[in-house]
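Heads up, the thing below is written out as structure tokens.
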Amino acid sequence: MTGRLLVLGIGAEGEELYRHVLRTPGLTLAAHVARLGWTDYEAEHALEQLRARRLVRTSETGELHADHPRAALERVLNAEEARLATRRQDLARVRDAIDQLAADHRLGQSASDAKQPARERVDAGAVVSVHEHLAASAVGVIRVAHTTAPPSPDAYPVVRQLLETGREQRGLYVPELVEASTATGEWALAGEQQRVASSLPSSFACFGEDVALGTTEWGRADGDYVVLRDPMVVSAFVELFDRLWSAATPLAAGEGHDATALVDLMRQGLKDEAIARVMGVSLRTVRRRIAGLMEEHGVETRFQLAMSLATGQRARRAERRAAHESDESASGA
């Protein structure tokens, strides 16, 4: 039970003293100190916490007494819940003002002659708050490329709220993050679309088509960051992400993964355990499907399977091109 009163500002020592008074009422503080083996300072500090909540009172003779905890704590909880209700009303009024304040911000930006800097350096410690600000102020798809494990969505309450209201976010991950990071799954549950790429050149994010956030040193994620607003630079980042996204393998669960998607995950470097987690099936199912594909294609190794499937893909593309050219020739005639 220790620690349950902490939310009321009563620490572990205060709770222990409270329970001691409940069990042995009528003792002086000095008597409690002797039985608990505390110093006078520890006891006074614990008693002050209990007095602040009126859970313990001292008689004229110095004895400590406590009312029935059901009545005493119900009184404290009722007061806290009343304050919480008032706080919620105040916060609701602030939330109602967000749209109007955002409109005022847009009006001020459009009326201002001062332009935001094309490059703005950001300390690593402030990158999460800057990320939140850029996500909220920009429109369009949020694109994020991860070369290191991302923080949990709990660290990005604004982004989580945007995803809940339908904002699209795409996340690119390298294979080792899918295997090791629990935050990847948390972002998927929050609504992020996810794909895995065999490699990524650097960590960066694009917010719509207007602004990008990257590291000050390309390929490193242990330094500071920079906000980029130059239209050509942002367009280059968006184009880079979209090309990487097109070549990456979707992290989607279920039986809908065909043989090519399975081999794509293998080609990205994921182990069988990670593939099973990505596809939402058991490890035994993954290995059974791989063994079935190897038997179907008459190969003995996974490398041979990948080569066989790649050859089949090229043949199908060639057939489609030939059919398309034939249709164009027929229509021209």
Side-chain angles (χ1 to χ4, degrees), residues 1-98 101 123-133 136 149-165 180-191:
M1 182 177 175
T2 302
R4 294 191 180 182
L5 300 185
L6 187 61
V7 69
L8 301 178
I10 299 173
E13 292 178 346
E15 183 175 340
E16 186 174 357
L17 178 60
Y18 183 46
R19 298 183 70 185
H20 208 263
V21 172
L22 291 172
R23 290 194 299 265
T24 55
L27 298 180
T28 63
L29 182 60
H32 286 290
V33 168
R35 295 193 179 192
L36 292 170
W38 290 356
T39 64
D40 290 340
Y41 173 79
E42 291 172 330
E44 288 288 351
H45 180 66
L47 181 59
E48 185 61 31
Q49 295 176 354
L50 299 175
R51 282 174 173 166
R53 293 295 184 177
R54 293 191 294 161
L55 295 178
V56 170
R57 63 183 185 279
T58 306
S59 68
E60 294 180 357
T61 58
E63 299 170 344
L64 301 184
H65 296 274
D67 294 332
H68 193 288
R70 188 176 302 279
L73 288 174
E74 283 287 354
R75 170 182 51 77
V76 174
L77 291 176
N78 288 339
E80 288 296 317
E81 288 173 350
R83 278 193 286 269
L84 180 59
T86 301
R87 180 66 171 169
R88 283 175 174 163
Q89 292 175 354
D90 294 340
L91 293 175
R93 283 193 287 269
V94 175
R95 185 175 296 279
D96 290 340
I98 289 177
L101 294 172
D123 292 337
V127 70
V128 172
S129 60
V130 171
H131 184 113
E132 293 254 274
H133 165 71
S152 166
D154 293 338
Y156 296 86
V158 172
V159 175
R160 181 191 284 275
Q161 179 68 24
L162 291 173
L163 296 182
E164 290 176 354
T165 57
S181 175
T182 59
T184 305
E186 294 175 8
W187 277 109
L189 292 175

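Since the model is a prediction, treat every value here as computed from it, not as a measurement. Every heavy atom of this structure was used, including side-chain atoms; hydrogens, water molecules and symmetry mates were not.
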Does [X] have more than 12 heavy atoms from other residues, nucleotides or ligands lying within 6.0 Å of its [atom1]?
| X | atom1 | value |
| --- | --- | --- |
| R75 | CZ | yes |
| R57 | CZ | yes |
| H45 | NE2 | no |

Audit row: R83, E80, salt bridge (Lys or Arg N to Asp or Glu O under 4.0 Å) steps and yes/no = CA-CA 5 Å; R83 278 193 286 269; E80 288 296 317; 2.4 Å; yes
[atom1]/[X] to [atom2]/[Y] distance, rounded to the nearest 0.5 angstrom?
| X | Y | atom1 | atom2 | result |
| --- | --- | --- | --- | --- |
| E16 | E13 | CD | CD | 7.5 Å |
| H68 | L22 | NE2 | CG | 9.0 Å |
| L189 | T184 | CG | OG1 | 11.0 Å |
| L84 | L77 | CG | CG | 11.5 Å |

Can you name the closest pair of heavy atoms from [X] and [Y] and give their distance?
| X | Y | value |
| --- | --- | --- |
| I10 | R53 | CD1-CG, 4.1 Å |
| A72 | L55 | CB-CD2, 3.8 Å |
| E74 | R70 | CG-O, 2.8 Å |
| L163 | A190 | CB-O, 3.5 Å |
| P151 | A155 | CB-CB, 4.1 Å |
| T61 | T28 | O-CG2, 4.4 Å |

R87/D90 salt bridge by N-O under 4.0 Å criterion = no
message = Between R160 and E186, does any NZ, NE, NH1 or NH2 come within less than 4.0 Å of an OD or OE carboxylate oxygen?
response = no
Hey, are the side chains of [X] and [Y] touching, using non-hydrogen atoms and a 4.5 Å cut-off?
| X | Y | result |
| --- | --- | --- |
| L29 | E44 | yes |
| L50 | V21 | no |
| T58 | R51 | yes |
| L47 | L64 | yes |
| T24 | H32 | yes |

Taking [X] for its side chain and [Y] for its backbone only, find out whether a donor-acceptor pair lies under 3.5 Å.
| X | Y | result |
| --- | --- | --- |
| Q49 | G11 | yes |
| E132 | V159 | yes |
| T165 | L162 | yes |

